[in-house]
Amino acid sequence: MARHFKHHDKAAIIQLLTDIKERPAEFLQDEVLGKIAAIFADVPEERHFQSFDLLETTGQLKVYGGKEIEQAARQQMELAMSLPVTVQGALMPDAHMGYGLPVGGVLATENAVVPYAVGVDIGCRMALTLFDEGESFLKRYSYQLKTAMKEYTHFGMEGGLEFRQEHAVLDRPEFRDTALLKSLHGKAVRQLGSSGSGNHFVEFGLLTLEEDNSLSLPPKQYLALLSHSGSRGLGAAIAQHYTKIAMDTCKLPRSAQQLAWLDMNSEAGQEYWLSMNLAGDYARACHQQIHQHLAKATGLKSLATIENHHNFAWEETLTDTRKVIIHRKGATPAHAGELGIIPGSMTAPAYLVRGKGVEQALYSAAHGAGRAMSRSKAREKMTVSALNKMLANAGVTLMGGSVEENPQAYKDIDQVMNAQHELVSVEGRFMPVIVRMNKE
């Protein structure tokens, strides 16, 4: 109005605007006033969606460590089993309630991907590097290790390392394939090599390898670096964008709406799959940067690195030849012979494991100890001084961190491991010594 009616008096402009508001349809075709009329016009928006009912008879669900799993997590998993696209499911012994699918839930679907069954932190994963040093190096150079961790790690929702980095993942053509990925490239550059908040960590500690291990290394104690984080703001934005599309196009009863899926044959389904895989590779690149920076800063020589996703979806084939999409939300891939890492807490061991390939578990295992209490409850139950005493008794130095992540907020990792002995075998035991986390 200011541009096209600047020579009209105020009363005339107000009258014109009033007419547009009351009878917008009469002005929609006007080259100038049509834009204003469109704001008031009740133009129906064409939306394409499909409604689905839940199944009364659900598919095969296998639960491990059921005694330690809260009822709310079981109910969430049973709801996921009633989706018409569900083929099979499994619940790991570290399971607890989450958004959509419970954390520790594994879901196989037919030609469909459920964004909330992958999770918001797409590609959240573990990485463990063994070094050609032992306990003596850790004791002698603990100050240098702590300094390197301060300088070459970054935690929190925003920000990143203070120096520019390069990695092949930043040049991936997928970043030009969709408008969303184009808009996220700058953030991916800034956050490369950094970690999120919550239970994400970087730790130096000691790994004791068993005999006849898959790494073909001598069975002894090694200095090791363990990291846990995901795809940062890139993955979160992808998850939010495609969850909304799924919920707009796949209408389910209110109780199950968070489990809306994308058809793998649809454009949105293909876009999500491409974006999810890019986010997974980006998460892997972040771990690579962390481990490379710290090894270089401390002069350590890497002997081997083991890594695995635990918030992701894979296209796999079951023994009956059916192709399915297996979602592992807080679950470790455990195909026969596959190595993975299952962490405990800041004072409890992490385990290097080899999968046994159990199809009833959808070739999966737990992804950690699993929360025994919510973050708010952990704040109520634990004081900073009590946490410091616990850390001192365990011989652990904590840099950052908060009472929300205190060891008592988690289940007993050894009970979790006992509940899944048929799924994995243990090849090594890692004990944290220097732990770096986000300070809430």
Side-chain angles (χ1 to χ4, degrees), residues 60-69 73 77 88-96 101-108 123-130 199 203 205-217 219 222 224 226-228 287 304-314 316 318-319 326-345 348-371 410-432:
Q60 176 189 353
L61 172 64
K62 178 68 175 177
V63 179
Y64 295 87
K67 290 181 180 179
E68 302 300 321
I69 299 175
M77 195 65 211
Q88 188 178 328
L91 202 54
M92 299 297 109
D94 61 333
H96 59 89
L101 202 67
V103 177
V106 186
L107 189 71
C124 189
R125 69 199 325 264
M126 303 299 304
L128 175 72
T129 296
L130 282 69
N199 61 355
E203 302 174 339
L206 297 169
L207 176 77
T208 304
L209 269 187
E210 302 288 333
E211 290 187 6
D212 301 320
N213 57 78
S214 300
L215 302 175
S216 301
L217 289 172
Y222 294 85
L226 181 63
S227 57
H228 171 223
H287 284 267
T305 297
I306 305 95
E307 50 193 340
N308 66 266
H309 283 330
H310 53 224
N311 273 21
F312 212 66
W314 292 259
E316 301 191 32
L318 302 178
T319 51
I326 296 183
H327 307 71
R328 295 185 177 93
K329 185 180 182 184
T332 302
H335 299 86
E338 187 173 20
L339 292 180
I341 306 128
I342 302 176
S345 70
Y351 289 94
L352 172 62
V353 299
R354 182 178 67 241
K356 294 184 177 181
V358 177
E359 185 171 347
Q360 267 196 315
L362 288 168
Y363 319 108
S364 306
H367 87 305
R371 292 198 75 93
Y410 288 87
K411 297 179 183 180
D412 184 326
I413 184 63
D414 291 318
Q415 284 186 5
V416 170
M417 296 304 295
N418 289 336
Q420 58 178 356
H421 61 86
E422 64 188 276
L423 307 182
V424 293
S425 57
V426 174
E427 295 211 346
R429 186 174 184 268
F430 170 91
M431 283 303 299

Reported CG-to-CG distance for the pair L61 and L107, which is rounded to 0.5 angstrom: 9.5 Å
Over 60° means perpendicular and under 30° means parallel, so tell me whether W314 and F312 are parallel, tilted or perpendicular. perpendicular
Can you tell if the side chain of L352 reaches within under 4.5 Å of the side chain of L209, non-hydrogen atoms only? yes
Indicate the atoms forming the closest heavy-atom contact of H421 with K356, along with that distance. O-NZ, 2.7 Å
Tell me, please, which residues at least two apart from L318 pass side-chain contact (heavy atoms from CB on, under 4.5 Å). V87, Q88, D320, R322, V324, E359, L362, Y363
Taking side chain as C-beta onward, heavy atoms only, is I306 less than 4.5 Å from L215? yes
With heavy-atom distances below 4.5 Å as the criterion, would you say the side chains of Q60 and Q360 are in contact? yes
With sequence neighbours excluded, tell me which residues meet side chain to side chain donor-acceptor pair (under 3.5 Å) with E316. R328, H335
Would you find a donor on one side and an acceptor on the other, under 3.5 Å apart, between the side chain of K329 and the backbone of L101? yes
Test of understanding: with salt bridge (charged side-chain N to carboxylate O under 4.0 Å, His left out), list the residues that count as partners of E68, not counting sequence neighbours. none
Partners passing side-chain contact (heavy atoms from CB on, under 4.5 Å) against P93 (at least two apart in sequence or in another chain): Y64, A366, V416, A419, Q420
Could you pull out the closest heavy-atom pair between H327 and A313, with the gap in Å? CD2-CB, 4.1 Å
Any side-chain heavy-atom pair of P349 and M431 under 4.5 Å: yes
Excluding sequence neighbours, so at least two apart, what forms side-chain contact (heavy atoms from CB on, under 4.5 Å) with D412? D414, Q415
For H287 and A127 the tightest heavy-atom approach is ND1-CB, 3.5 Å
Keeping the roles fixed (side chain from D94, backbone from G368), state whether a donor-acceptor pair exists under 3.5 Å. yes
Tightest non-hydrogen contact, residues E203 and P432, listed as OE1-CB, 3.6 Å
Pairing residues for S345 by the side chain to side chain donor-acceptor pair (under 3.5 Å) criterion, not counting sequence neighbours: none
Qualifying residues under side-chain contact (heavy atoms from CB on, under 4.5 Å), relative to A90, sequence neighbours excluded: M92, V106
Taking side chain to side chain donor-acceptor pair (under 3.5 Å) as the test, write out the residues that go with T305, two or more places apart. T129
Side-chain donor or acceptor of N308 paired with backbone N/O of I341 under 3.5 Å: yes
Set of side chain to side chain donor-acceptor pair (under 3.5 Å) partners for H310, sequence neighbours left out: H228
Smallest heavy-atom separation, L91 atom then P102 atom, equals CD1-CG, 3.9 Å
Can you name the closest pair of heavy atoms from A365 and V424 and give their distance? CB-CG1, 3.7 Å
Is a side-chain donor or acceptor of N311 paired with a backbone partner of G123 at a separation under 3.5 angstrom? no
Give the C-alpha distance, both sets of side-chain angles, the deciding distance and a yes or no for side chain to side chain contact (heavy atoms under 4.5 Å, CB included) between V103 and H367. CA-CA 9 Å; V103 177; H367 87 305; 3.6 Å; yes
